[in-house]
Asks: 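Questions regarding the structure given below will be posed in turn.
It should be emphasised that the depicted structure is a prediction, and the values quoted were computed from it without experimental measurement. Below, read A as the first sequence line, B as the second, and so on, with proteins coming before strands; counting in each chain starts at 1.
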Amino acid sequence: EAGVAQSPRYKIIEKRQSVAFWCNPISGHATLYWYQQILGQGPKLLIQFQNNGVVDDSQLPKDRFSAERLKGVDSTLKIQPAKLEDSAVYLCASSLGSYWEVAGNTIYFGEGSWLTVV
Amino acid sequence: KQEVTQIPAALSVPEGENLVLNCSFTDSAIYNLQWFRQDPGKGLTSLLLIQSSQREQTSGRLNASLDKSSGRSTLYIAASQPGDSATYLCAVRRVDTGRRALTFGSGTRLQVQP
């Protein structure tokens, strides 16, 4: 079974530039998450999708971050303009659905997209 | 607001030692608690999931316990091996309506010396 795919793996940009990350979840997974993990910290949720609808984007800095999952499958996360404090790993994760997670089914993470803003 | 704390932040032990990692959370209204492993440069891998009605879960040399009333969980690793070296993260799933994403601790970085 293929895992959660993310690209690019690494990106270095200058502040005020833009960047986009792509995620392809496991086939059939209805729920997709984007997490931000700053070095030395645990992942923090940015946005949660159920199919192509947003469930939770309360911690997404909407003045500079945007995300979409138009067809309910793959997703893109965009940062424009980037700031130095956006340097982090952006993790995509997916699951069968939040109901199934509550019931004990696990969530699967991709290897992450590493962003350095200089 | 749910906060998750993990102690210690880092731990170094000799191979073969048994060890305990600690996790505490401030809001006991959770669906479940999960322990993950993160290797350098990699994503997270789920190790154990404990439902709020359960007290513990075991997988091989790993045993996780949950005391929801006191807001604590422990991950016990028996007979540690160098391959266990990684960062271990605990995460809880809140019981907020419509918001069931995981809240993570900052992790414990474990190094097992050969």
Side-chain angles (χ1 to χ4, degrees), chain A residues 2-7 9-10 21 23-26 30-50 53-60 88-114 116, chain B residues 1-10 21 23-25 29-54 56-57 59 64 66 73 86-109:
Chain A
V4 177
Q6 291 190 244
S7 68
R9 287 295 317 278
Y10 305 95
F21 301 114
C23 172
N24 190 23
I26 293 173
T31 298
L32 185 149
Y33 304 90
W34 284 101
Y35 281 89
Q36 179 192 58
Q37 186 176 23
I38 294 171
L39 188 65
Q41 300 181 17
K44 183 187 80 171
L45 178 70
L46 291 176
I47 189 166
Q48 176 184 351
F49 292 96
Q50 179 74 17
V54 176
V55 174
D56 184 355
D57 64 356
S58 58
Q59 298 186 90
L60 186 74
V89 181
Y90 291 86
L91 295 164
C92 180
S94 71
S95 75
L96 285 170
S98 56
Y99 170 81
W100 296 106
E101 290 179 47
V102 170
N105 283 264
T106 195
I107 177 174
Y108 295 87
F109 282 81
E111 294 194 328
S113 292
W114 295 66
T116 301
Chain B
K1 178 186 174 184
Q2 179 73 273
E3 292 186 4
V4 181
T5 303
Q6 291 188 246
I7 295 173
L21 308 181
C23 172
S24 61
F25 48 95
I30 62 170
Y31 280 120
N32 53 45
L33 181 144
Q34 206 160 356
W35 283 92
F36 290 87
R37 169 182 173 141
Q38 186 173 31
D39 292 284
K42 302 291 187 181
L44 281 67
T45 301
S46 178
L47 296 173
L48 290 165
L49 184 149
I50 311 175
Q51 297 286 27
S52 61
S53 59
Q54 298 175 322
E56 65 178 322
Q57 281 287 339
S59 177
L66 173 65
S73 175
T87 296
Y88 291 81
L89 296 145
C90 74
V92 298
R93 188 174 309 281
R94 309 192 302 267
V95 184
D96 300 86
T97 301
R99 296 184 181 184
R100 296 178 180 147
L102 294 167
T103 300
F104 284 86
S106 295
T108 293
R109 190 171 66 254

Asks: Does the side chain of I107(A) reach to within under 4.5 Å of the side chain of L102(B), using non-hydrogen atoms?
Replies: yes

Asks: Quick one: list whatever passes side-chain contact (heavy atoms from CB on, under 4.5 Å) with T5(B), sequence neighbours left out.
Replies: I7(B), S24(B)

Asks: Of all heavy-atom pairs between G41(B) and R9(A), which one has the smallest distance, and what is that distance?
Replies: O-NH2, 3.1 Å

Asks: State, with a plain yes or no, whether a side-chain heavy atom of K44(A) is found less than 4.5 Å away from one of T103(B).
Replies: no

Asks: Give, for atom CZ of F36(B) and atom CZ of F109(A), the distance between the pair rounded to the nearest 0.5 Å.
Replies: 5.0 Å

Asks: Answer with side chain, backbone, both or neither: which region of Q6(B) has an atom nearer than 4.5 Å to a non-hydrogen atom of chain A?
Replies: neither

Asks: At what distance, to the nearest 0.5 angstrom, does CG of L44(B) lie from CD of E111(A)?
Replies: 11.5 Å

Asks: Quick check on Q37(A) against chain B: is it the side chain, the backbone, both or neither that has a heavy atom closer than 4.5 Å?
Replies: side chain

Asks: To check you understand the geometry: which heavy-atom pair defines the closest contact between L45(A) and A101(B), and what is its length?
Replies: CD2-CB, 3.3 Å

Asks: If I compare all heavy atoms of G43(B) with all of L91(A), which pair ends up nearest, and what's the gap?
Replies: CA-CD2, 4.3 Å

